[in-house]
Amino acid sequence: MTTDTTTPAGAAPGTAAGPAPVTGAATALETLTIAKAINRALADELAADEKVLLMGEDIGSLGGVYRVTEGLKARFGADRVVDSPLAESGIIGTSIGLALRGYRPVAEIQFDGFVFPGFNQITTQLAKMHARTRGAATVPVTIRIPYGGGIGSIEHHSESPEALFAHTAGLRVITPSNAHDAYWMTRQGIRSQDPVIIFEPKRRYWLKGEVDVSADGHRGVSAFQAQVVRQGTDATIAAWGPLVPVALAAANAAAEDGRSIEVIDLRSLSPVDFDALQASVEKTGRMVVTHEAPTFGGLGGEIAARLMERSFLHLEAPILRVGGFHLPYPPSRVEEQYLPDLDRILDAVDRTFAY
Amino acid sequence: MHHTPTSPAPATELPEGAVRLLDADGTLHEDARFTPYLADLTEDTLQRMYRLMSTERRVDQEGTSLQRQGQLALWVPAVGQEGAQAGALTALREDDWIFPTYREHLFALGRGVTPGQLLALFRGVAHAGWAAEDHRMQPYTLVLAAQALHATGYAWGISRDQAGWDAERRLAEGQVVLACYGDGASSEGDIHESMVFAASYDLPVVFFCQNNQWAISVPAATQTRVPLARRAAGYGFEGVTVDGNDPLAMHAVTAWAAEQARTGSGPVLVEAHTFRGGAHTTADDPTKYRTRAEEEAWAAVDPLARLEAHLRATGAAGPDPDRFFADVAAEGEELARRTREAVLAMTGDTVAPLDTVFETVYAESHPLVAEELAWHRQWQAGFADTEAEGDRS
Ligand SMILES: Cc1ncc(C[n+]2csc(CCOP(=O)(O)OP(=O)(O)O)c2C)c(N)n1
Ligand SMILES: [Mg+2]
């Protein structure tokens, strides 16, 4: 498996490498991998609220196939860190019932490609429960899903199904790209009164960064907001999850050609922070949106369409998309050709300047 | 074993080992295991049972009429299943929870849901007509079997809340959850997963399968080779098939099952062997797939007639049985009148506007929904202005 522990070179303050230093505030910075940051967030929520419980396949003694829940069963007990039966619909469906009873379940789906046995419960039940009861029932269920490719794995272990969930009204969908965000977005996701799906960029689980774990270490940033992770003036690259470091690397490469590229980490895919995207594209006039999920029907299309409606007269070029092909995720020996990479992103940036 | 999925639906005869306490003519049998669970059946409860069955049937007929008159989008008749539901409901405690499908009208009315609240779904004015907490009954669920997992999760929550309780306290104060499903839904994976979870964690769930012999046009034989209650054994808990048209047997077995679940022995499956006397819904045409003879055979073992015979034979209908049955019939008429009135009143301004859906899709603010709601309100206001102009001219 590829482990990517490097920090993109030349990243500006407040980047995928970690939070911007805030002078004057009490900070408690710890260097953690994304996986450890999520582990820490889960532990802190388990400790803070006795109604929080984790469930999933192999999350107890093993600590999850990615060890994200390592040590939590030993610390909080098998009743709160539950090795569930091997049944995704059961995991989500019983989480809904637990939430109706006042619990706050955090369910782990082992891999992106295995969420589909639970898709019915997520889309027809979990997403609709609050509206169908006219607000009487809240179902604060959190679903953690490791997602994305680039890990050299076998079929069904590398997918990016985020658009299917963002398309469904009633769900919130977030995806961190660095350790600090992973910590805070996980905590904020669990605390949301709505169902939240957290897509965890599995190929970045070992990416290290500084995490401010002090009480107000989130610095007022909501999990449902985008962040400008690199300032620029000539074009914007919008990315999320695993591609944020790639977008930053592309921006750095473009800087060598004298282009100033702004990078936005969307962080939230429902809601999408269109205001942040609009502000950026109206400043730069050019945008490339990139995601690992197939381009067709992907969120890049939605972003391009909305920004065309909002910012048409500010655009110097069409908003371009760099995503996966309209293919099943390919065998890993050829996944490099499938995944958006630095060159494909830079090529799209170049094309926005060719108008 | 040769299996023909297209074989005719099982007849009115009960599968081997099924529990029947009350014969079609109203005679009561002794059963060593289940008769003790009739001990709490006072004259009042028996009368209540009959009243629920009879008045629900009248509301049910009104539902069909209202649909035929174009006042409901759809109606789902429960005729023929009143005995199964009345027996089970009276065996539960008021604070036990019910997770229904879409045909548990007697449960709803028996738990104090008004006819208007019950029919709001079918009138197209709300997805959930009543507040679950007020009746300890969740809204109807139309995605088959999904609710069984919610019931199981809810029972898991109960079990957590009751951690450390001794048997005595569980028996006195413990809650159980009734997870409803049908013979057709029994084939859904969510039923299987519910039973796995409920068994693994000894959850206080009573699985309540109303085997009404049909899943729209498909006979129960296509879903299963064996009585559905036998499936429980594969999960390691008990399952009992009951004559679903025998309200007393349904009461006794459900009371026993609830006691098992309540005291911490984990789930139990109760299968009511009954019959869907009417169409699947008002959109259905049963003449395409079942015979008149089958319908008549089941009509001859109607649960209402059976309970009436029992009440008359035992004096449980009071000193003047004719008077009792006439009073109940009059109550049914009154409830039907209120049903019609409530349905017809659900119109115009009394219907919650689309704004309500915008306002409740998320519990916390969501900018996209807020933006679309603002647009929607402005658009609607445009029509109001036009209408006002029209009024002036
Ligand atoms: C998941 C799902 N598939 C299909 C349907 C359409 N449908 C509605 S009721 C029904 C038959 C259900 O039969 P059963 O479970 O026996 O319940 P009954 O209607 O007889 O009470 C079908 C196929 C549905 N509502 N949900
Ligand atoms: Mg049926």
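Chain letters run A, B, ... following the sequence lines, proteins first, then strands; residues in each count from 1. Worth saying up front: this structure is predicted, and the values here are computed from it rather than measured.
Contacts between A/T133 and chain B at a heavy-atom distance below 4.5 Å involve backbone atoms as well as side-chain atoms. Heavy atoms closer than 4.5 Å to chain B are found in the side chain of A/R306, but not in its backbone. For A/E88, the part lying under 4.5 angstrom from a heavy atom of chain B is the backbone only. A/V82 touches chain B through its side chain: at least one heavy atom from C-beta onward sits under 4.5 Å away, while N, CA, C and O do not. Both the backbone and the side chain of A/A87 come within less than 4.5 Å of a heavy atom of chain B. For A/D273, no part sits under 4.5 Å from any heavy atom of chain B, backbone or side chain. When heavy atoms are compared at a cutoff of 4.5 Å, A/K51 approaches chain B solely by way of its side chain, counted from C-beta outward. Contact of A/L53 with chain B is made through the side chain alone, with heavy-atom distances under 4.5 Å. With a 4.5 angstrom heavy-atom cutoff, A/Q121 touches chain B only via side-chain atoms. The contact between A/S89 and chain B is made by backbone and side chain atoms together, counting heavy-atom distances below 4.5 Å.
For the set A/P195, A/P117, A/S270, the entry with the most heavy-atom pairs within less than 4.5 Å of chain B is A/S270. The candidate from A/H130, A/Q193, A/Q125 with the greatest count of non-hydrogen atom pairs under 4.5 Å with chain B is A/H130. Of the listed residues B/L368, B/V357, B/I158, the one with more heavy-atom pairs under 4.5 angstrom with chain A than any other is B/I158. Chain A forms more heavy-atom pairs under 4.5 Å with one residue of B/D161, B/T356, B/D190 than with any other, namely B/D161. Between chain A and the options B/S200, B/G153, B/A146, B/G129, the largest number of non-hydrogen pairs under 4.5 Å is found for B/G153. Of the listed residues (B/V196, B/V143, B/V369), the greatest number of heavy-atom pairs within a distance under 4.5 Å of chain A belongs to B/V143. Ranked by heavy-atom pairs shorter than 4.5 Å toward chain A, the options B/H366, B/H127, B/E371 are led by B/H366.
Of the residues B/W97, B/Y181, B/F107, the one that meets the ring pair (Phe, Tyr, Trp, His ring centres under 6.0 Å) test with B/F208 is B/F107. Among A/V221, A/V229, A/T186, A/D265, the one residue that satisfies the side-chain contact (heavy atoms from CB on, under 4.5 Å) test with A/D181 is A/D265. Between A/V106 and the choices A/L46, A/I143, A/V52, the side-chain contact (heavy atoms from CB on, under 4.5 Å) rule is met once, by A/V52.
Looking only at side-chain heavy atoms (C-beta outward), B/E193 and A/P85 stay at 4.5 Å or farther from each other. Annotation: side chain of A/R144 is in contact with side chain of A/T69 (closest heavy-atom distance under 4.5 Å). Counting only heavy atoms from C-beta outward, the side chains of B/F237 and B/S265 never approach each other to under 4.5 Å.
Side-chain contact, A/E162 with A/W240: a donor N or O sits under 3.5 Å from an acceptor N or O.
A salt bridge is absent between A/D49 and A/R191: the closest approach of a Lys/Arg side-chain nitrogen to an acidic carboxylate oxygen does not fall below 4.0 angstrom. Between A/D79 and B/R160 there is no salt bridge, since no side-chain N of the basic residue sits under 4.0 Å from a carboxylate O of the acidic one.
Note on ring orientation: taking the six-membered ring where Trp is involved, the planes of B/Y140 and B/H105 are tilted (angle from 30° to 60°).
One N or O on the side chain of B/R111 and one on the backbone of B/H135 form a donor-acceptor pair closer than 3.5 Å.
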